[in-house]
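Scroll down for the structure; my scribbles are underneath it.
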Amino acid sequence: MSEAADWWGTAVSRIEPDVIELRGRPVQELIGQVGFAQMIWLMLRGDLPDPRRAALLEAALVSSVDHGPHAPSIAVARMAITCGVGLNNAVATGVNLLGDVHGGAGEQCVALLEEARACGDTAATVARRRARDKYLPGFGHRFHTRDPRRDPLLGLVERAVADGVVAGEHLRVAKEVEELISPVPMNIDGATAVVYAELGFPAPLARGLFVLGRSVGILAHAWEEAGQGRRNKGPLPPSIRPTYLG
Ligand SMILES: CC(C)(COP(=O)(O)OP(=O)(O)OC[C@H]1O[C@@H](n2cnc3c(N)ncnc32)[C@H](O)[C@@H]1OP(=O)(O)O)[C@@H](O)C(=O)NCCC(=O)NCCSC(=O)C[C@@](O)(CC(=O)O)C(=O)O
């Protein structure tokens with residue numbers, strides 16, 4: 001193959017006149033046959049998951065869709081749309097707020113679970129990590145003392161472990177961490193990280209997958225806000241002035 005043809009060489013898709021193949025499968029065979037969670041798996045990993053694994057992935061995506069205008073990623077998207085930008089800009093604004101502290105901590109949480117698993121001593125791993133940073137990724141919440149998304153997600157993983165679908169090692173370690181830092185609760189980044197790690201997704205994809213799920217809620221909120229017709233809506237009602245500290 002020539003250097004020019006190799007420039008964007010990809011194993012993800014093959015597009016030729018009248019041909020669209022995604023991960024080696026003609027798109028005609030995918031449309032109407034494959035669910036969106038399966039499609040995400042196929043595109044990221046190159047194969048199709050069995051229905052149990054696809055259902056776990058879908059559950060994690062569903063659980064991270066929305067957390068209302070309290071959540072920074074939702075609030076900024078709503079604010080953005082009132083400034084006259086397009087829906088795509090509003091969605092990008094919300095997605096751009098997902099990071100180490102909000103919605104993106106799944107990446108570091110998977111790494112933490114891997115580290116504890118490899119070390120074989122979760123308490124030692126937690127102590128080592130907390131000596132560097134008092135906040136462990138995937139744990140803690142601004143107002144939930146028990147995140148309502150945790151139990152259903154971990155319950156699904158427990159069932160998958162019982163049925164031999166996943167190994168359960170990341171689940172075990174995550175529960176040990178939670179116990180060690182109790183009462184700090186596991187949050188949604190942590191619970192989805194358990195699912196993604198059990199399914200074998202590399203750590204950075206835990207963040208990428210959270211972005212996909214949350215994009216749905218961001219879009220819904222931006223669309224609703226657009227319909228309310230407010231213009232140039234700031235973070236506070238105009239009657240409330242930030243305290244001047246000068
Ligand atoms: C999330 C938050 C900033 C909350 O802080 P908070 O303000 O509540 O905690 P603080 O007041 O700082 O701490 C009080 C006491 O608990 C201790 N403590 C707290 N967290 C601890 C922890 N992780 N490991 C050990 N110890 C901890 C701390 O050391 C202190 O102890 P002490 O000093 O002795 O008093 C914090 O946990 C944190 O950075 N987590 C790690 C990053 C992470 O996982 N991010 C994902 C969060 S989920 C999300 O983004 C999605 C969301 O749910 C968002 C939404 O809507 O909110 C949605 O769906 O959109």
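Counting convention: from 1, in listed order, for ligands and their atoms alike.
For atom 56 (O) of ligand 1, a protein heavy-atom neighbour is present inside the 4.0 Å cut-off. Within the 4.0 angstrom cut-off, atom 21 (C) of ligand 1 has one or more protein heavy-atom neighbours. For atom 33 (O) of ligand 1, a protein heavy-atom neighbour is present inside the 4.0 Å cut-off. For atom 24 (N) of ligand 1, the nearest protein heavy atom is under 4.0 Å away. Protein non-hydrogen atoms do reach within 4.0 Å of atom 37 (O) of ligand 1. For atom 8 (O) of ligand 1, the nearest protein heavy atom lies under 4.0 Å away. For atom 14 (C) of ligand 1, the nearest protein heavy atom lies 4.0 Å or farther away.
Geometrically, Arg45 engages Phe201 in a cation-pi contact, judged by NZ or CZ lying under 6.0 Å from the ring centre and within 45° of the ring axis.
With respect to atom 26 (N) of ligand 1, the closest heavy atom belonging to the protein is Arg130 NH2, 3.2 Å. Counting protein heavy atoms only, atom 50 (O) of ligand 1 is closest to His102 ND1, 2.9 Å. For atom 47 (C) of ligand 1, the closest heavy atom belonging to the protein is Asn187 ND2, 3.3 Å. Looking only at heavy atoms of the protein, atom 30 (C) of ligand 1 is closest to Lys134 NZ, 4.5 Å. Protein heavy atom at the shortest distance from atom 1 (C) of ligand 1 is Gly140 O, 3.8 Å. For atom 40 (N) of ligand 1, the nearest non-hydrogen atom of the protein is Phe139 O, 2.9 Å. At the shortest separation from atom 17 (C) of ligand 1 among protein heavy atoms lies Val184 CG2, 3.9 Å. For atom 45 (N) of ligand 1, the nearest non-hydrogen atom of the protein is Val101 O, 2.6 Å.
At a threshold of 4.5 Å between non-hydrogen side-chain atoms, the residues Ile188 and Ser63 count as touching. At a threshold of 4.5 Å between non-hydrogen side-chain atoms, the residues Asp47 and Leu42 do not count as touching. Inter-residue side-chain proximity for Cys83 and Asn232 is flagged as met; some heavy-atom pair is nearer than 4.5 Å.
With hydrogens and angles ignored, the 3.5 Å screen pairs no side-chain donor or acceptor of Glu107 with any backbone N or O of Ala203. His221 places no side-chain N or O within donor-acceptor distance of the main-chain N or O of Pro69, the cut-off being under 3.5 Å.
The parts of Leu136 lying near ligand 1 are both backbone and side chain, judged by heavy-atom distances below 4.0 Å. Of all the heavy atoms of Arg129, none lies under 4.0 Å from any atom of ligand 1, so neither backbone nor side chain is involved. Here Ala105 has side-chain heavy atoms under 4.0 Å from ligand 1, and that is the only part of it that gets that close.
Look at Glu178 and Lys175 and you find no salt bridge, because none of the NZ, NE, NH1 or NH2 atoms lies under 4.0 Å from a carboxylate O. By the 4.0 Å N-to-carboxylate-O rule, Glu176 lies close enough to Arg172 to be salt-bridged with it. For Asp50 and Arg53, the salt-bridge test passes: some basic side-chain N is under 4.0 Å from an acidic carboxylate O.
For ligand 1, the polar-atom distance check against Asp66 finds no nitrogen or oxygen pair separated by under 3.5 Å. Taking any N or O of Tyr135, backbone or side chain, at least one lies under 3.5 Å from an N or O belonging to ligand 1.
Between atom OG1 of residue Thr82 and atom CZ of residue Arg230 there is a gap of 8.5 Å, rounded to the nearest 0.5 Å. Here Ile181 contributes atom CD1 and Leu136 contributes atom CG; the two are 5.0 Å apart, rounded to the nearest 0.5 Å.
Numbered from 1 in the order shown, with element, the atoms of ligand 1 that lie under 4.0 Å from a heavy atom of Ile188 read 51 (C), 53 (O), 59 (O). Distances below 4.0 Å separate heavy atoms of Ala71 from the following atoms of ligand 1: 56 (O), 60 (O). Proximity to Gly103 (heavy-atom distance under 4.0 Å) selects the following atoms of ligand 1: 49 (C), 50 (O). Less than 4.0 angstrom separates some heavy atom of Gly138 from each of these atoms of ligand 1: 43 (C), 44 (O).
In this structure, His141 and His144 have tilted ring planes: the angle between them lies in the 30° to 60° band.
For the pair Arg149 and ligand 1, a heavy-atom separation below 4.0 Å is found.
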I'd like a table of donor-acceptor pairs (distance under 3.5 Å, sequence neighbours excluded) in which one partner is a side-chain atom from residues 238-246, with atom names and distances.
unit_1 : atom_1 : unit_2 : atom_2 : d
Arg241 : NH1    : Pro238 : O      : 2.4

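Side-chain heavy atoms closer than 4.5 Å link hydrophobic residues (I, L, V, M, F, W, Y) into clusters, and following such links, even through other members, never connects Met186 to Tyr135.
Selection from Asp189, Leu180, Leu97, Asp100 by nearest heavy atom to atom 42 (C) of ligand 1 gives Asp100. With Met186, Arg214, His70, His141 as candidates, the residue nearest to atom 58 (C) of ligand 1 on a non-hydrogen basis is Arg214.
More than 12 heavy atoms of other residues, nucleotides or ligands shown are found within 6.0 angstrom of CZ on Arg142.
Evaluation of the salt bridge (charged side-chain N to carboxylate O under 4.0 Å, His left out) test over residues 63-79, restricted to residues two or more places apart or in two chains, returns Arg78-Glu224, Arg78-Glu225.
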